[in-house]
Structure formats: structure tokens, C-alpha cells
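Just so it is clear, the values below take in all heavy atoms, side chains as well, and ignore hydrogens, waters and symmetry mates. Just so you know, these numbers come straight off a predicted model, no measurement behind them.
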Amino acid sequence: MKGTKARRAGLSIVAVTLLTGVTACGSGGSGGSGADEESSSSASGEGAGTGVSPIAALRTAEKSTDGADSAKVESTTTMGSVMAMTADGSLGWGDGLTGTLTITYTGGTIADTMRQMGTTSMEARYLPDAYYARMGDAFAEQTGGKHWIKYPYAALETLGGGSGAYLKDQMENSTPNQSVKLLLASGDVRRVGEEKVRGERTTHYSGTVEVADLATRNSSLSESQLADLRKQLEQAGVTTQTVDIWVDDENLLVKKVEKGQSANGVYSQTAYYSDYGTPVDTEVPPAADTANFSELLQQQGAGPRS
């Protein structure tokens, strides 16, 4: 029974953390992100010596990053005592979301649950209609020898009402330029100054986002789904988050940091982007080695919500 509960919890944990992995890459450690106070400017300050306003500069960065179609990504995510994880790989967004990430759980209660399932690291493949997680051999022994779990995006709404619907929406529209859209949508953006990121000259922008308002502006959720999401965010203690991004001389996003507070503690994500235009070739795992998420839940007595 204990093993069944761990597997059941793990199925949903994997779903949510795989989403966290890709949204960290697509939309993220700390609010004190190493800004150079001497180079900071106010919210009404102009772009990096060009006379361009922060809003205009970010609109250019959003367009350039979106048009790049693919990039290599590295990210780290922490959620209080619940989870710490890293993600590394490549993502493409020219024709729907595609790519492969290696996700490693490095701490928190989720890592403990994953250890019970026989792995703390997995390969995640993202395709336009679903994403796939490759579990370890110990998990495969419990699923008829199948190593992969398929999570159709349409099934994500079963993971938690409005929040599940929001995850689905964000998953299908998760690209690096979403971070830039975060700041543009917030109405609170300032140019901090010029800084080096991994030896590269960049311009740092920062702002504060109202999470519920952001969901309203940047999703296709229905009114009832948005109301459900707002209620869940309030219960989780999530209200605002800070967003910092760094843009290079080619108007491409090279780093993002998001940080907020929830009932589970501090939430933070940091992501780095490089090698824009890198080839991304993601294959669907073999059908004979793949189990469907919804079917696994039903087999274990925890079918999806209607």
C-alpha cells in the first residue's frame, strides 16, 4: 500500500515538476540578483545609452527572442522545503513546443518521494501535443516494464482545477520570450543597468508581477477557470513575484530570475539561455515502452477529475 501511494503521488509530482522545468526555461534565483547599484536607473530611465525606453527595449527583445525559434537552456528551481531541481537541455518553439531536458531533483520532499520510485533524475521530452518522462527501472517494474510516462496536455486540467488548466495553457505556450512578456504585462518595469552575465554584456530589467492579474492577461482560461486559479493562489499564499531579465546586445534573453513567496516558503527560478537557433530534434518514445498518465492513475485508483 505504501508503495502504491508513493507511485500515485509520484505520477502527479512528475507531471507538475516537468511543467515546472519547462516553464522555468520558458518564462526565472533570487530577487537580489546581483544588480550593480551604481549602474541602476529608475523606472523611467532610458535603454542602454540609446535613448530607448525600457518598454520599447523589451518589446524588441520579446520579438527577437520569439523569432530565434530554439535555444539551449539551464535552470534551477526551489520551492521552500518541497522541491529543489535542475533542468538542462534544448527547447524549440518555432512550430509548437519541442525539446529534451534532463531534470534532476536535488532536494525537498519531492526528491524523497522520487527516491522511493527508484530515481531522482529523468529525461523529459516535449512535443506539441504531450510531454514524456523516462522513469527508472524500479518504476518500470511496477508498470509492466514500461519506462516512459506520456502526459497529454489535455490531461493536465485533471491535476487541479484552475491551476491545472493554467499549467496546460502555459505548457503549450512556454517559450523564453514569455519572461519578457511578464514584465511588459506587469506595468511595473525598470532598467536596472548594464551587467555581465557569464562574461557577456547585457542590460538588466526588473519588475513586480501580480500573479493572478498575470494569469488573466496571459492565458486563454475561462472566467470560471480563472476564478478557481485565483482561489488556489490565495490558499497557497502566492500573490506577487519579482521578475528580472538580462538581454544581450542582439536583443536576446540570456538570463531570467523569478522569485515569490508561498505557503510552502520561498519560490525561486533561475534560467540561462544560449546558442539560439540550435537544432532541436525530439522523437516520440517507443509506444511499446510508454504508459499513459491517465491510465496509470485509473489503475491505481486515482482517476482524473471530471
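A search for side-chain contact (heavy atoms from CB on, under 4.5 Å) contacts involving A138 returns nothing, not counting sequence neighbours. Partners of S70 under the side-chain hydrogen bond (donor to acceptor under 3.5 Å, both in side chains) rule, at least two apart in sequence or in another chain, do not exist in this structure. Every residue two or more places apart in sequence or in another chain that forms a side-chain contact (heavy atoms from CB on, under 4.5 Å) with T282 is listed here: T98, T100, R125, L127, V280. With sequence neighbours excluded, the residues satisfying side-chain hydrogen bond (donor to acceptor under 3.5 Å, both in side chains) with D289 are H147. With sequence neighbours excluded, the residues that form a salt bridge (Lys or Arg N to Asp or Glu O under 4.0 Å) with R201 are D249. Scored by the side-chain hydrogen bond (donor to acceptor under 3.5 Å, both in side chains) test, S121 finds T104 as partners (sequence neighbours excluded). Residues forming a side-chain contact (heavy atoms from CB on, under 4.5 Å) with E250 (at least two apart in sequence, or on another chain): D248, L252. The salt bridge (Lys or Arg N to Asp or Glu O under 4.0 Å) check on R134 picks up nothing, with sequence neighbours excluded. Every residue two or more places apart in sequence or in another chain that forms a salt bridge (Lys or Arg N to Asp or Glu O under 4.0 Å) with D112 is listed here: R115. For D281, there are no side-chain hydrogen bond (donor to acceptor under 3.5 Å, both in side chains) partners at least two apart in sequence or on another chain.
Looking at E74 and R198, a side-chain N of the basic residue comes within less than 4.0 Å of a carboxylate O on the acidic one, giving a salt bridge.
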Would Q261 and V266 count as a side-chain contact (heavy atoms from CB on, under 4.5 Å) if you check the C-alpha gap in whole Å, the side-chain angles of each, and the deciding distance to 0.1 Å? CA-CA 5 Å; Q261 183 73 34; V266 173; 3.3 Å; yes
Check the pair F139, T119 against side-chain contact (heavy atoms from CB on, under 4.5 Å), reporting the backbone distance first and the verdict last. CA-CA 8 Å; F139 184 82; T119 183; 6.0 Å; no
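Checking V189, L183, T202, V192 one by one against I245, the side chain to side chain contact (heavy atoms under 4.5 Å, CB included) holds for a single residue, L183. The only member of V73, D88, T86 that meets side chain to side chain contact (heavy atoms under 4.5 Å, CB included) when paired with L101 is V73. Tested against W246 for a side chain to side chain contact (heavy atoms under 4.5 Å, CB included), the candidates V257, L253, T203 yield a single pass: V257.
When every heavy atom of T78 is checked against every heavy atom of A84, the shortest pair comes out as CG2-CB, 4.1 Å. Residues Y267 and Q241 share a closest heavy-atom pair of CE2-OE1, 4.0 Å. Considering all non-hydrogen atoms of both residues, P128 and Y153 come closest at O-CE1, 3.2 Å.
Judged by distance alone, the side chain of W93 and the main-chain N or O of D66 form a donor-acceptor pair under 3.5 Å. Put simply, the side chain of S268 never gets that close to the backbone of K259: no donor and acceptor are under 3.5 Å apart.
Separating the OG atom in S179 from the CG atom in L184 is a distance of 11.0 Å, to the nearest 0.5 Å. In this structure, I149 CD1 and M135 CE are separated by 5.0 Å, a value rounded to the nearest 0.5 Å. A distance of 7.5 Å separates NE2 of H204 from NZ of K255, quoted to the nearest 0.5 Å. In this structure, the separation between OH on Y132 and CH2 on W148 is 9.5 Å, given to the nearest 0.5 Å. We find the CG-NZ distance between L91 and K72 to be 12.5 Å, quoted to the nearest 0.5 Å. Here Q269 contributes atom CD and T77 contributes atom OG1; the two are 4.0 Å apart, rounded to the nearest 0.5 Å.
Side-chain contact check for P176 versus Y276: some heavy-atom pair is nearer than 4.5 Å. Residues Y205 and V180 form no side-chain contact, since every pair of their non-hydrogen atoms from C-beta on lies 4.5 Å or further apart.
Ring geometry, Y126 versus Y131: the interplanar angle falls under 30°, so the pair is classed parallel (tilted spans 30 to 60°).
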